[in-house]
Novice: 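Mind looking over this structure? Questions follow.
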Amino acid sequence: MSTDKQLKFDQRYLEMARIWAKNSYCQRRQVGALVVKNNMIISDGYNGTPSGFENVCEDDNGITKPYVLHAEANAITKLARSSNNSDGATIYITASPCIECAKLIIQAGIKRVVYGEKYRLTDGIELLERAGIEVVYLGDE
């Protein structure tokens, strides 16, 4: 695929991830993720509480509860309950992944990460690059 065509696909899938992030009940930050393989969305996720929990992400002090799942983790674990797999896929994330999500991305066989916002910690991105995963930043800078 030409680089111009790939960039257009990347921008559109990232925009879809931003729309998907609006499903999150989190107040501090809403993050969305899409897993795409062979030009098909095979999974999606947004940050939030585990299934069956109340849809409240922060405590009374505005601190994110420790059991809130990140968008990437939700998208990747959804694949475990489906007939799809993420080997060789691209994940589109509205924000750069933390180190814990980077480990999941590596183990899931995802080969490309496209993200739209930089997080203050860069250890997740550094780990992905160390693992040989292509990392693409499509932010506003």
Side-chain angles (χ1 to χ4, degrees), residues 1-3 5-141:
M1 185 180 314
S2 73
T3 54
K5 190 172 183 181
Q6 184 64 61
L7 178 61
K8 284 185 179 177
F9 273 112
D10 288 346
Q11 290 168 332
R12 288 181 181 134
Y13 282 126
L14 190 57
E15 184 60 31
M16 291 170 75
R18 287 185 180 111
I19 292 167
W20 201 244
K22 294 176 183 180
N23 289 317
S24 173
Y25 287 90
C26 296
Q27 301 296 310
R28 288 183 63 214
R29 181 175 219 185
Q30 294 179 318
V31 179
L34 295 177
V35 180
V36 176
K37 185 174 178 179
N38 300 325
N39 294 320
M40 292 187 304
I41 298 169
I42 60 169
S43 191
D44 56 67
Y46 50 87
N47 56 327
T49 56
S51 298
F53 282 66
E54 75 289 344
N55 287 320
V56 178
C57 298
E58 294 84 13
D59 63 21
D60 292 337
N61 297 317
I63 305 297
T64 301
K65 294 178 179 177
Y67 53 84
V68 168
L69 290 159
H70 290 187
E72 309 92 308
N74 264 327
I76 291 168
T77 55
K78 256 188 187 180
L79 283 167
R81 298 176 76 175
S82 77
S83 60
N84 286 316
N85 73 71
S86 52
D87 199 35
T90 297
I91 189 165
Y92 295 87
I93 318 163
T94 58
S96 62
C98 70
I99 194 158
E100 294 301 318
C101 288
K103 291 189 273 186
L104 291 175
I105 289 166
I106 293 165
Q107 288 301 98
I110 292 170
K111 295 299 176 204
R112 248 176 121 243
V113 174
V114 179
Y115 70 99
E117 294 174 22
K118 291 183 179 179
Y119 185 59
R120 60 183 169 81
L121 301 175
T122 60
D123 51 356
I125 295 296
E126 291 162 8
L127 186 65
L128 292 170
E129 290 171 342
R130 182 175 169 196
I133 293 172
E134 180 184 354
V135 178
V136 179
Y137 169 63
L138 289 182
D140 296 331
E141 291 180 2

Novice: Tell me every residue that passes side chain to side chain contact (heavy atoms under 4.5 Å, CB included) with Lys65, counting only those two or more places apart in sequence or in another chain.
Specialist: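 Testing Lys65 for side chain to side chain contact (heavy atoms under 4.5 Å, CB included), a comparison that skips the adjacent residues, returns Glu54, Val56, Tyr67, Val68.
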
Novice: Using 0.5 Å steps for rounding, measure from the OG1 atom of Thr90 to the CG atom of Asn39.
Specialist: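 Output value for this atom pair is 9.0 Å.
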
Novice: Using side-chain heavy atoms (C-beta onward) and a distance below 4.5 Å, is Arg112 in contact with Tyr92?
Specialist: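 Yes, side chains in contact.
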
Novice: For the atom pair SG (Cys26) and CG (Asn55), what is the distance rounded to the nearest 0.5 Å?
Specialist: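 These two atoms lie 9.0 Å from each other.
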
Novice: Do Thr64 and Asn47 have side-chain heavy atoms sitting under 4.5 Å apart?
Specialist: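 Not in contact.
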
Novice: Once you round to the nearest 0.5 Å, how far does CD1 of Ile99 lie from OH of Tyr119?
Specialist: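 Ile99 CD1 to Tyr119 OH: 12.5 Å, rounded to 0.5 Å.
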
Novice: Any ion pair linking Arg18 and Glu15 (charged N to carboxylate O, less than 4.0 Å)?
Specialist: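 So Glu15 pairs with Arg18 through a salt bridge.
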
Novice: Between Glu58 and Arg28 (side chain of the first, backbone of the second, donor and acceptor by atom type, cut-off under 3.5 Å), is there such a pair?
Specialist: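 Looks like yes, one N/O pair under 3.5 Å.
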
Novice: Write down the atom of Ala108, the atom of Ile76, and the distance for their closest heavy-atom approach.
Specialist: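 That would be CB-CG2, 4.0 Å.
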
Novice: So, for Trp20 and Gly45, which heavy atoms are closest and what is the spacing to 0.1 Å?
Specialist: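 Looking at all heavy atoms of both residues, the shortest contact is CD1-O, 3.4 Å.
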
Novice: Of the non-hydrogen atoms in Ala89 and Val36, which two are nearest, and what is the gap between them?
Specialist: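 Closest pair (atom of Ala89, atom of Val36, distance): CB-O, 3.3 Å.
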
Novice: Do the side chain of Asn74 and the main chain of Tyr46 share a donor and acceptor less than 3.5 angstrom apart?
Specialist: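 Flag set: sc Asn74 to bb Tyr46 pair under 3.5 Å.
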
Novice: Give the minimum heavy-atom separation between Gly48 and Cys57, together with the two atoms involved.
Specialist: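 Nearest pair, atom of Gly48 first, then Cys57: CA-SG, 3.9 Å.
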
Novice: With no hydrogens and no angle check, is any side-chain donor or acceptor of Lys37 less than 3.5 Å from a backbone partner on Asn85?
Specialist: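 Side chain of Lys37 to backbone of Asn85, a donor-acceptor pair under 3.5 Å: yes, one is there.
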
Novice: Show me the donor-acceptor pairs within less than 3.5 Å that the side chains of residues 120-129 make with the rest of the protein, sequence neighbours left out.
Specialist:
unit_1	atom_1	unit_2	atom_2	d
Thr122	OG1	Glu126	OE2	2.7

Novice: Sequence neighbours left out, what passes side chain to side chain contact (heavy atoms under 4.5 Å, CB included) with Glu117? Give chain and number order.
Specialist: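 Applying side chain to side chain contact (heavy atoms under 4.5 Å, CB included) to Glu117 gives Arg29, Ala95.
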
Novice: With rounding to the nearest 0.5 Å, note down the distance linking CG in Leu69 to CZ in Phe53.
Specialist: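 Those atoms lie 9.0 Å apart.
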
Novice: Give a yes or no answer on whether the side chain of Ser43 reaches the backbone of Lys78 with a donor-acceptor pair at less than 3.5 Å.
Specialist: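 The answer is no, because no donor-acceptor pair under 3.5 Å joins these two groups.
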
Novice: Please report the interatomic distance CG(Leu79) to CG(Asp87), rounded to the nearest 0.5 Å.
Specialist: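 One gets 11.5 Å once the value is rounded to the nearest 0.5 Å.
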
Novice: Quick check: does any side chain N or O of Asp59 sit under 3.5 Å from a backbone N or O of Asn61, one acting as donor and the other as acceptor?
Specialist: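 Such a contact is found between Asp59 side chain and Asn61 backbone.
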
Novice: Quick check against the 3.5 Å criterion: does Glu134 have a side-chain atom that pairs as donor or acceptor with the backbone of Gly132?
Specialist: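 No, the answer is negative, given that no donor and acceptor are paired below the 3.5 Å cut-off.
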
Novice: In sequence, state the C-alpha distance, the side-chain angles, and the governing distance for Ile41 and Met16, and then conclude on side-chain contact (heavy atoms from CB on, under 4.5 Å).
Specialist: CA-CA 10 Å; Ile41 298 169; Met16 291 170 75; 3.3 Å; yes

Novice: How far does CD1 of Ile110 sit from CD1 of Ile133, to the nearest 0.5 angstrom?
Specialist: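 Here the interatomic distance stands at 7.5 Å.
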
Novice: Taking all atoms of both residues into account, what is the closest heavy-atom pair of Leu34 and Asp44, and its distance?
Specialist: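 Minimum heavy-atom separation between Leu34 and Asp44: CD2-CB, 3.6 Å.
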
Novice: Could you check whether any side-chain heavy atom of Ile91 comes within less than 4.5 Å of a side-chain heavy atom of Leu104, counting everything from C-beta outward?
Specialist: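 In short, these two side chains do not touch, never coming nearer than 4.5 Å.
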
Novice: Where do Val35 and Ala75 come nearest, in terms of heavy atoms and distance?
Specialist: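 So the minimum-distance heavy-atom pair works out to CG2-CB, 4.0 Å.
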
